[in-house]
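Everything below concerns the one structure shown next.
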Amino acid sequence: MTDATAPQETASPTFPPSSAFVQSAVARPSIYHEASHDRLAFWRSRAMLLSWETPFTEVLDWSDAPFAKWFVGGSLNAAHNCVDRHVLSGHGDQVALLAEYEDGTDARYTYSQVKDEISRMANVLESMGVATGDRVAIYLPMIPEAVFAMLACARIGAPHSVVFGGFSADALRSRIEDAQAKVVITADGQFRRGKALPLKSAVDTALASGADSVDHVLVVRRTGEDVEWTEGRDVWWHEARENASTEHEVVFVDSEHPLFILYTSGTTGKPKGIVHTTGGYLTQAAYTHRNVFDLKPKQDVYWCTADIGWVTGHTYVVYGPMANRTTQVIYEGTPDTPHQGRWWEIVQKYGVSLFYSSPTAIRTAMKWGEEIPAKYDLSSLRVLGSVGEAINPEAWRWYHRVIGQERCPIVDTWWQTETGAIMISPLPGITATKPGSAQVPLPGISADVVGDDGEPVGPGESGYLVLTEPWPSMLRGIWGDDQRFRDTYWSRFEGRYFAGDGAKKDEDGDIWLLGRVDDVMNVSGHRLSTMEIESALVSHEWVAEAAVVGADDETTGQAVVAYCVLKDSRDDDGADLDALVQELRAWVGKEIGPIAKPKYVFIVNELPKTRSGKIMRRLLKDTAEGREVGDTSTLADTSVMDAIARQLRG
Ligand code: ATP
Ligand code: MG
């Protein structure tokens, strides 16, 4: 078995920072040069940093495009790579998880302890009849057991399907049924804003109304509340754990064996069950985590605030960081429990050096005011990341100034559930960053912006973002729906992956994400990006967040309608608001041009967001066009749309 532990590979810091997506191979830093010289050799060497049971014989088989096979013939195990090999190489005592609970209590687990826990859980799952290839649903809060559950499945080669703990019984049932899961791993309840909320009861409801494939439910005790119990089906983890051995032999699987199924966030419509496999996914997860965050495994304390229910929690809490032997924080609660400085308190408590979060979180912190983070010592921070939506330049500057204290590079990382790992991002120490731009495809990744005709657009022009070459962590399909896979991603532009996002190339060739293609507006024949108008609004001193939609309009085709949330520090009465609305309209007119001036600006208390924090513009479009709002099943707080409707009427 080849075993390379916690490989170190950082970008060359000596290269003069370049703002450009430099085209000349000579001028590129070594890692870009290496990748462009021989892309497949580059990926081979990244894959070799993992531990393979059987070496692969071919890097990529693309003969059955768009169904890719990476690292053909190789076998490995993801949990072995994320845990066992670190213990075997003498790093068992290194802390893997620093678990912070909502109530301020904490727990820590070394890599050896994680190995014991996941071995126990794998043994329990096997005793329930779970075998290699069987699916397991995971419905847990952000506690260490969630990480153990995923890795226990990986040990057996049983693909997991994590369902976000905030989803309803119905959403859970449909995902269990789609994947035909055999076991569900859940908890009695979860703590949310200081309250114990039930969780297992949703599993009970889901199983009462279908989901017949499930034989057993493994229940973690977290809140201690009473739960209903089905004898023979339900098993307490703490009881099963007592008798479970810490010895478990990992199952080495083919490189293309499915590691997990994950449903997309559902921002634009019905969630898709995205399938990821083992070798390619883990290779790119580890590579991107190491390079984008410039990771130093012994020194850094890393914290990604994403829930394991989203792909970011899969790739940048579990698989990437643990494959790289990272010491990381995981946090159970919300950013404002019990106070609005909670996250910054955690950064201070653990000396977090690498911090990865989302634009929505940053804008919320902006709304609360910079005096809150100012109370904490944030001097340990070294690199800041952002993912989930395009980050408005103003939010980027705030993040850089207030959180990063003008010291930390920001990596704005573009990727999707489908891409499995980061695709477009600056590299710290190499790319001179630009507020609001994800900038350059990572070494090994090929992306472009093309027009309607599929031809690359010129500098300063906008079009559609496409990925022009296969990549190791690419989705291998949509679970059970090959046709939808071809139609959604591969039919728009021949031979290329269509991401569904609009983008612009600037004069330097850097890429700017403009939002979903479906969100692009057409006003009097001009194509306007929602993102650019939102960013203009957020750059106004009183606006914390903005969502823009194009609503049908008899004269202009579409009219720009904006919804704005104001900063907490502004308190005023209704009269001032009317003046502010006019001011904001004029502001956009001045910042972008008269054509972009919103016809209406509505000041609202909150924006409708998915549970992963993304603005759901399609609902605001429904409201702006006076329609009944569409599917709200993935909406975080369903009362938000009612409140907006009331505010608009009032
Ligand atoms: P669905 O596909 O179900 O509608 P979703 O697209 O929100 O949901 P995800 O896979 O979680 O599901 O999100 C990927 C999308 O998020 C990207 O296609 C892009 O629109 C947006 N995104 C993520 N990161 C960035 C970023 N750094 N800059 C701009 N947009 C981003
Ligand atoms: Mg999507």
Side-chain angles (χ1 to χ4, degrees), residues 162 164 167 171 175 261-276 288 292 304 306-316 356-362 384-393 395-396 399 410-426 433-442 447 449 462 464-467 473-475 478 484-485 488-489 497-504 510-520 529-532 534-535 608-619 630-631 633-636:
V162 181
F164 175 58
F167 277 147
R175 285 162 175 74
I261 305 168
L262 181 65
Y263 294 82
T264 52
S265 302
T267 311
T268 50
K270 181 173 176 279
K272 305 170 268 286
I274 303 299
V275 179
H276 282 289
T288 50
V292 172
C304 167
D307 190 280
I308 51 142
W310 315 120
V311 72
T312 309
H314 282 58
T315 310
Y316 297 106
Y356 193 23
S357 196
S358 63
T360 185
I362 296 151
L384 303 176
S386 171
V387 65
E389 294 176 287
I391 179 164
N392 316 93
W396 191 104
Y399 197 26
I410 293 183
V411 287
D412 174 6
T413 62
W414 178 89
W415 60 295
Q416 311 177 296
T417 309
E418 293 88 336
T419 68
I422 300 171
M423 303 293 283
I424 304 179
S425 169
T433 51
K434 287 182 186 172
S437 170
Q439 299 187 300
V440 278
L442 288 181
V449 181
S462 55
Y464 308 95
L465 182 69
V466 293
L467 301 170
S473 64
M474 66 197 292
L475 74 165
I478 294 179
R484 189 171 180 205
F485 172 60
T488 312
Y489 308 106
Y497 172 90
F498 172 46
D501 286 343
K504 186 175 84 184
D510 278 339
I511 295 175
W512 295 70
L513 274 302
L514 298 176
R516 319 290 172 139
V517 171
D518 310 341
D519 289 340
V520 172
S529 129
T530 51
M531 179 62 204
E532 284 175 313
E534 288 164 6
S535 289
K609 289 185 184 164
T610 60
R611 288 164 198 256
S612 55
K614 299 176 196 227
I615 300 171
M616 287 176 88
R617 292 181 189 76
R618 66 179 165 83
L619 301 182
D631 180 8
S633 62
T634 57
L635 189 62

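Since this is a predicted model, take the numbers as computed values, not measurements. Ligands are counted one by one from 1 in listed order, and the atoms in each one are counted from 1 as well.
Within the set Met616, Gln416, Lys614, the minimum heavy-atom distance to atom 16 (O) of ligand 1 is found for Lys614. Among Val517, Asp501, Thr413, Asp518, the residue whose heavy atom lies closest to atom 27 (N) of ligand 1 is Thr413.
Close N/O approach between Leu513 and ligand 1 is not found [any backbone or side-chain N/O within under 3.5 Å].
In this structure, Lys272 is part of the shell of residues with a heavy atom less than 4.0 angstrom from ligand 1. Heavy-atom distances between Tyr263 and ligand 1 stay at or above 4.0 Å for every pair. For the pair Gly500 and ligand 1, no heavy-atom separation below 4.0 Å is found.
For ligand 1 and Trp415, the ligand atoms under 4.0 Å from any heavy atom of the residue are 14 (C), 17 (C), 23 (C), 24 (N). Per-residue contacts place Thr417 under 4.0 angstrom from the following atoms of ligand 1 (heavy atoms of the residue considered): 9 (P), 10 (O), 11 (O). Ligand 1 places these atoms under 4.0 Å from at least one heavy atom of Thr264: 1 (P), 2 (O), 3 (O). Each of the atoms 26 (C), 27 (N) of ligand 1 lies under 4.0 Å from some heavy atom of Asp412.
Both the backbone and the side chain of Ala390 come within 4.0 Å of ligand 1, counting heavy atoms alone. Contacts between Trp310 and ligand 1, counted as non-hydrogen atom pairs separated by less than 4.0 Å, are absent for every part of the residue.
Atoms NZ and CH2, from Lys434 and Trp396 in turn, are 11.5 Å apart once rounded to the nearest 0.5 Å. In this structure, the separation between CE on Met423 and OG1 on Thr413 is 12.0 Å, given to the nearest 0.5 Å.
For the pair Leu465/Leu513, a side-chain contact is recorded, criterion being any heavy-atom separation below 4.5 Å from C-beta on.
Looking only at atom types and distance, the side chain of Thr360 has a donor-acceptor partner in the side chain of Lys609 under 3.5 Å away.
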*With side chain to side chain contact (heavy atoms under 4.5 Å, CB included) as the test, would you mind laying out the steps for Ile362 and Ile391 before giving the verdict?*
CA-CA 9 Å; Ile362 296 151; Ile391 179 164; 3.9 Å; yes
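Between Tyr316 and Trp415, a ring centre-to-centre spacing shorter than 6.0 Å is recorded. Outside the 6.0 Å centre-distance limit, the rings of Phe498 and Tyr489 are not counted as a close aromatic pair.
For the pair Arg175 and Phe167, the cation-pi test (distance below 6.0 Å, angle within 45°) is passed.
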